[in-house]
Amino acid sequence: MGMSWDFFVPVCIGDLVKTGGINQYVVQDVVHPKQLPSHLTKFKVALRNQGPLCILEHFDTGYSVLQQCNLVELGVKEDMLEILVQVVSGLAASLPVFLVSTSISAAERKEKLNAVKMSVFLLCKLTETLESYSCRQGIITAPGKGNKKSKAVGEGLMQWDSERESVLQALVQLLQLDIRSLWNLSLVEEEFISCVTCCCYKLLENSTISHVKSKPTRDCIIHLLGVLIKKYNHLLGASVKVIQLLQHFEQSSSVFAQAVSVWSTEYGIRAIIGEIMREIGQKSSEELAREGSGVKAFASFLSELSSLVPELMIPNISVLITHLEGESHTMRVAVCEVLGEILVRVLCGDGLDESGKSDRNRFLDTLQEHLHDTHSHVRARVLQVYTRIVNSKALPLCRYSEVMELAVGRLMDKSINAVKSAIQLLAAFIAHNPYSCKLSSADLKKPLEKETAKLREMKEKVAGKAPVAVIKASELWAAMEPELLVTVRTELEPTSETAKEQQENEDDGDVQEEKEAEDIRATAVKIAQYLRVNKYRSAVRLCVKAHNWFPQSEMFASLATLTPDTLMETLALIFKGSDEDAAELTQDLPPTPQKDGEKDGEDGELKKQEMLVQYLRDTETFALEVERAISVINNMLYWKTTSGIVQEAVQFCVTVCEFSVANSISGVRKMLPLVWSTDSAIKDAVVEAYRRLYLNPQGDTIRIKAQTLVDSLSELMVDASLGTIQCLEEIVQEFFGSGSNLQSTVVQILWERFTGKRETSGLHRRAAVLLLGMAARAEREVVLGNLDTLCSVALGEKVTEDFLLARDTVITICSITDHVRQSKSSPFRLPQDHQLFTCLTQAIAEGVVMEDPYWQSFMEQAVRLIYFLAESPDQLCSWLLQRSARLLLNQIAEGGEVNKDTAQVQDGSQESCEQVNCVCLAQLLALCGCVAFWQVSHLERSVSAELRRRRGETEEREEKEKGPSSKQAANESAMEEELGLMGASAEDTEAELIKKICETELLDEENLLSAFLPLLVKVCSSPGHYSHPQLTTAACLALSQYMMISPSVCEENIRLMFTVLERSSLPVVRANTIIALGDLTVRFPNILEPWTQNLYARLSDEVPSVRQTAVTVLTQLVLKDVLKVKGQVSEVAVLLIDPEPHITSLALNFFNELATKDNAIYNLLPDIISRLSDPERGMNTEDFNTIMKQLFSYITKERQTESLVEKLCQRFRTAKTERQWCDLAMSLSLLSMCERGFKRLQECWECYSDKLTEPGVYQPLLSITGKLRRGAKPQFKAQVDEFEKRLTAVHTKGLENVESPEMEEENQRERSVKKPRTRRAGDSFVTPQKSRNLFFLLATWSIIVGMDFERMSYETPKVTTPIARTSRRARLRN
C-alpha cells in the first residue's frame, strides 16, 4: 500500500500540529513527558527491527521530545538524540543502493524522502535545542569552578562536544549522497536546506568553537556547509549568513576565514569569496562607524582570509580598495594587510607578466600613500606590512630607496607604535639589502665620480664612432610630401612661351647628365637622390622626361595620363620602393667604420658600465638613508617616553653592528651608559646586546674565540671616553664573573698584547691593560700577581716615552684597591718602599720638568693611586713635592738663574718669573693642588673609615671580655640604640679630629703644602704678570683645591676666585672655576651662599663652553638641594632658546628634573615671568613665548592653574609697560585653563579690564575662550560666550563706555521695583531726592576711572565730552 501523505519541513515547530494542506503530514499524538521513556523504548525496538524507516511511524515521539523540551529530562533528550543519529546513519548506509537502482516506484521514493526529511528535521532541531541548553549552562556555571555541580555540568558539556561531532558526521554522510533524485525534478526544497544550515550556523555561534579542542566539530561543520553550498545551491545564503554572523559574533572571524578557504579550495566554490568581498565592500562608512557594525570582525576576517588564499582575493580586490578612502581605520588596516599578503605570496618574484607587475606597482603605491594615513594605527600596521614584504624579499629593488626614505621620515611620528614599526622596518632593510652597507656615503663618493666619468668617456667615444642615422624612406616621404605636391602642381600648370624657353635653357645642363643614364634603375636612383637633397623641381622634371625615355617601363607607365596624382604615385614608388630598392639606396650612404662584432662588444661594455654606475648611485642613496636613520635612532636611546622605543633602538643598533654597517659603532657606544638605567627592561636589553655582539664570539677553537673577543672589545675601547670605559666595566666584569671557559685564554692574550709579545699598536696596548683592570674587579689576582710586570713594562725606564700607557696602567692597578672594590675588611695597602711607588714618584718628578701634554692626566691618576694603596701616603707625597721643586730649581739654575730656593721663586719679581719655564711651573702647581685635594680626601675617607673600623673592633672585643651584662645595662643599651645615640658621640669626636687636622695642621708652616699657597695666590691675582694660559689655568685649579682644605682658606680667597671667574679672559679658566666653586658650594654652603648670584651670572657668558659648564654645575647643585631655587632660575630659562642645541637640551633637562620636585616650577613661574618681561632685559616677544610655552607645560594640576591665574592677574596692577601687560596675557593663554581657572579669571576682571584696549592683551585672552569652548558643556559654553562678548566690547568701545555686570544688574532691579505714581496737586514743587542708583553709578565710576569721588558734581553737564582711549592709555602710563 503506497504512502498517501508528504512530510513538509515546517517553518515553525508548532505548524506540524495544525491541520495542513492536502496529503500533508500532521502530528496526531503529542506524548506526555512522563510517558516519553516508554515510547522511546518502543522507538528503539522498532529501529532494531525495521531499520531507519521506523521514523515514519515514531515521528510523533521525537516531535513530543522537541515540543516539550523544557519539561523533558536531559536523559530523555540525549536518548532521543542517539536514536536520531542512528536513524540518519542508517539512511546514509541504505540509500546508496536504493539511489543507483533503476526500478524505483514513486511510493518507495516518497517513503525514503519522508524518512530523510523527518529524521533530518528532528535531528537538527534537537541539536539546536541541546546546543542552546549547553551554552546557557556554561554561562551559569562559569564562575563556580570549585563545586561538584559545576564539575558535573562540565563533564556533561564535554560529553555534548563528542555527541555534537557524531551528529554532524551523520549529516555529512547522508548529504554527501546524491539524494536530490528523491525530490521531483531534483529540486530540493529550501526549507530542508535551511533546517540543516540553521543548525550549523547555530553551532558556529558558540564562543568556544574557535578553540583548539573544538577543531573536529569545527571541521565537520565546515565540510557539511561545503556540501550544502556545492550540491544544494546554498552559495548565496551562505555568503549572507557569513556577513550576518561576523556582524554579531566577532570571535567567529577566524572560523569563517578558515571555512571560506576550505570551500573555495577543497570544494572549488571560488565564487563565495567574491560574494562575501562584495558584501563587505558595499558597506558604507556611515554603516561601519555605527556601534555593533562588526567592523572589527570584518577586518579580522579579511586579514585571516588573505593569509590563507591570497591568490583568490585578487579578482575582487577592487571592491575592498574603496574602504581605503573611508573613515574606518580598522578597515583601512585590514585592506592594507590583504594587499601585503598578496604582494608577499602572489605578486612576487621576477616571473610576473605585465599584468602582474602592474598590479604589484598599484598595490605598492597604495601602501605608500597610507604611510601618511591620518590614523596612527594604520601607519604603524602599514610599516609592519612593509617589514614583512622586505623580510620576504618581495619588494622590487627600484623601490628600496623611496620606501626607506619614507620609513626614516616615520621615525619622527607622534605615535610610539609607528616609531617602533619604522625602526623594525629599517632593521629589515639593513638585514636584507642588496647593497654594500659596509661603505659609508663618503667612501662611495669617489668611486661613483670615477665610474661616472668613465661612463661619460665611453658614451663620447661611442658617439664619435656611431654611423650616420638612417631614417626610413617612408618617414622622409611623409615629411616631404606636402612641399613636393606644391612643386608638382606648379610644374604641371600651363605657362607662357617665354617661361617655357627659360625653363628649357635652365634644364639643358641637367638634360645632358640625364641622357648619360644607361638604364631605368640609374634614372630612378637619380630621382631619389634629387628628392633626398630637396631638389624637388629637378626630380619632377626628370620623372616626366623618364616616361618619354622609357615608355615601356612599368615604373613610369602610370604617367601616360599626366596628373598631379599619377606623378606623386610614381615619385612615391621610386623614393620608397621595395625593400630591395631601399637596401640598394642606402648603399650610397657612408659605410659604418665598425665591424658588427666590435660594435656589439662596445655596446655590451657600455651597458655594463651604465649598470655599475646605477648600482653605485643606488648604494650611495641607500647609505645616506642608513646614516640618517642611525643618527635619528641613536638619539632615541635616551627618549623618556616608553621603554619600548628604547629597546627597539637598542635592537636596531645591534642589527646594524652585526651587518657591519658603516658608523654603526657610534650607536653601540651611545647605548652603553644605559647599563645604569633604572628601568630593568632597558638595562637587560643593553647587557644582552653587548653579550650578543662582543661576549659570544664565533670560532673553531677557544684561542680563536678569545682572540675575536679581545679584538672586538679593544675596538670599542679605542678613543673611548672615561664614561664609556666605566660603563663597559660593568659588562666586562659580568663576563669575568660568569665562569666562562674563555676567561683564562682572554687574560693570556691581553697580557701578550700589553707586554708586546704580539705585535700591536699603542692604542690596543692601552685597551689591553684597561681590560685587564676590568678583569681584576672580578678576580684581584689577575693584576695583583703581575704588579712587577706592570711596573717594568709601563712604569719603568721608558715611562716618559708614553705617559698615556702609564696612566692607563695606573688606572688598572687602582682596580685592586679597597676604594674601588669597596671592601670593609682591614685595609689593603703596600709598603712605601714597594717598587710601584718608586716608579710612580720618579715618573711624576721627572715629568714635572718635561713638557709632555699627557703628563698631567698621568700625574692625577698616580697621586690618586698613592693615596689609595700606599702606607703613609702623605709622607710619600711630601717627598714627591720636595723632589719636584728641587728638579725645577735645578732646571732654573742650569739656565743661569740666580734664585735657587723655593721661597725666592715664590717672592720673585716679574723678571725672575719670566725666566722660569711656565709649563713646568704650571705642572708643579698642578701637582700641589692634586696632593692637597687627595690629602683631604684621604683624611676624610680612609683615615676616618679606619678609625671607625678600629673602634668597632675594640667595642666587639670589650663586649666579649665583659660577657653577659646586667639586665639594666642591656635595657639602657637597647634604648640608646633605638634612639640612634649609640656611637654618635664617638663619631662626632672622630669628625672633629679630622676637621681640626684640616684646619690647623695641613697648612701649618711645617707642612710643605703651605709653602706653595702664597705663590698660587700671587699667580691668580696677577693675570697681567702671569699671562701664560696653562700656568693661569693650573694655578686657579690648584688654589680651588687648597680652598677645599678648610673654611678659613676658603673665606680668605673666595673673593679672588669670583674675581677670576668674572674677569679672566680665558674660557677654560672660567669653566674650571665654575666647577671648583660648585664643589666648594657643596663643602662650605654657608660661605658660598652670598655669592650665588655671581654663579648664575655665568649662564649668560659669551662663550658656549662656559655656559654649558655653568648650567651643568648649577643643575647638580639645585637638584641636590645644595642651592635654594630662587628667581635667578630665570637665567637657566633663557638657555632654553640658546643657539647651541646641547646647551638647550641641558636647560630642558634641568626643568624636566626640577618638575619632579613638588610645586617647584609652579612657585617660581611668577618671578620668572617678571624677570624675563623686565624692559631692561630687552627680550623679544617670540623668545619669551617659546620659554613660557615650555615652562607652562609642567603645570598640570587644576589647583596650580587656578592659583597661577590669580597671581598673574594681580601682577597686571604692578606692571608698568604695555610689553609687560602683553607678556602677562600671553602667559595666561599658555595655561591649560580649566573651569576653576576660568572662574578665577572672571573674578579678577578688574585687574586687566582697563588694559584690554591693547591688542597684545586682548588677543591672548580671546584665545583662552576659544580653547575653553571646545568640548564644553552647554551651560559652561554660555558663560564663555558671555565673557568673550565682554572682552570684545571693552576692546572695541573702551572700558568707560561699557557697563559692568553689577551695574546692569542694579539698573534692572531698580526698574523692576519702581512703580508708576499718580500725580497730585503740588507734586511739581516737590524737591527731587538723590537717586541711590546714581550714587552707586558714580561710586563705581570713580573706582574704575580713578577719579576723586568727593570732587565730582552731581549736576549733569550741558555738553558731554567722551573720554578717548588714547588719553586713557596716556593716564595709565603716567
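Worth knowing before you read on, the calculation uses all heavy atoms, side chains too, and leaves out hydrogens, waters and symmetry mates.
Residues meeting the side-chain contact (heavy atoms from CB on, under 4.5 Å) test with E73, sequence neighbours left out: V76. Scored by the ring pair (Phe, Tyr, Trp, His ring centres under 6.0 Å) test, F59 finds F7, Y25 as partners (sequence neighbours excluded). For H211, there are no ring pair (Phe, Tyr, Trp, His ring centres under 6.0 Å) partners, not counting sequence neighbours. Listed by chain and number, the residues in a side-chain contact (heavy atoms from CB on, under 4.5 Å) with E190 are S194 (sequence neighbours excluded). Residues forming a ring pair (Phe, Tyr, Trp, His ring centres under 6.0 Å) with F249 (at least two apart in sequence, or on another chain): none. Under the rule for a salt bridge (charged side-chain N to carboxylate O under 4.0 Å, His left out), D29 has no partner lying at least two apart in sequence or in another chain. Residues passing the ring pair (Phe, Tyr, Trp, His ring centres under 6.0 Å) test with H58 are F43, sequence neighbours excluded. Q50 meets the side-chain contact (heavy atoms from CB on, under 4.5 Å) test with A46, C54, E57; sequence neighbours excluded.
Among residue pairs with one or both ends in residues 33-42, none qualify as side chain to side chain donor-acceptor pair (under 3.5 Å); sequence neighbours excluded. Among residue pairs with one or both ends in residues 315-325, those qualifying as side chain to side chain donor-acceptor pair (under 3.5 Å) are R278-N316; sequence neighbours excluded. Sorted by first and then second residue, the salt bridge (Lys or Arg N to Asp or Glu O under 4.0 Å) pairs involving residues 214-238 (not counting sequence neighbours) are K215-D219.
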Which donor-acceptor pairs under 3.5 Å do the side chains of residues 167-179 make with protein atoms, sequence neighbours left out?
residue: D178; atom: OD1; partner: R180; partner atom: NE; Å: 3.1
residue: D178; atom: OD1; partner: R180; partner atom: NH2; Å: 3.3

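Closest approach of C195 to V120, counting heavy atoms only: SG-O, 4.2 Å.
The cationic atom of K77 (NZ for Lys, CZ for Arg) lies less than 6.0 Å from the six-membered ring centre of Y133 and within 45° of the ring axis.
S264 places no side-chain N or O within 3.5 Å of a backbone atom of R270 that could act as its donor or acceptor partner. S358 places no side-chain N or O within 3.5 Å of a backbone atom of E354 that could act as its donor or acceptor partner. Under the 3.5 Å distance criterion, the side-chain polar atoms of S261 are left unmatched by any main-chain donor or acceptor of A257.
Of the charged side-chain nitrogens involved, at least one lies within less than 4.0 Å of a carboxylate oxygen, so that E189 and K117 count as a salt-bridged pair.
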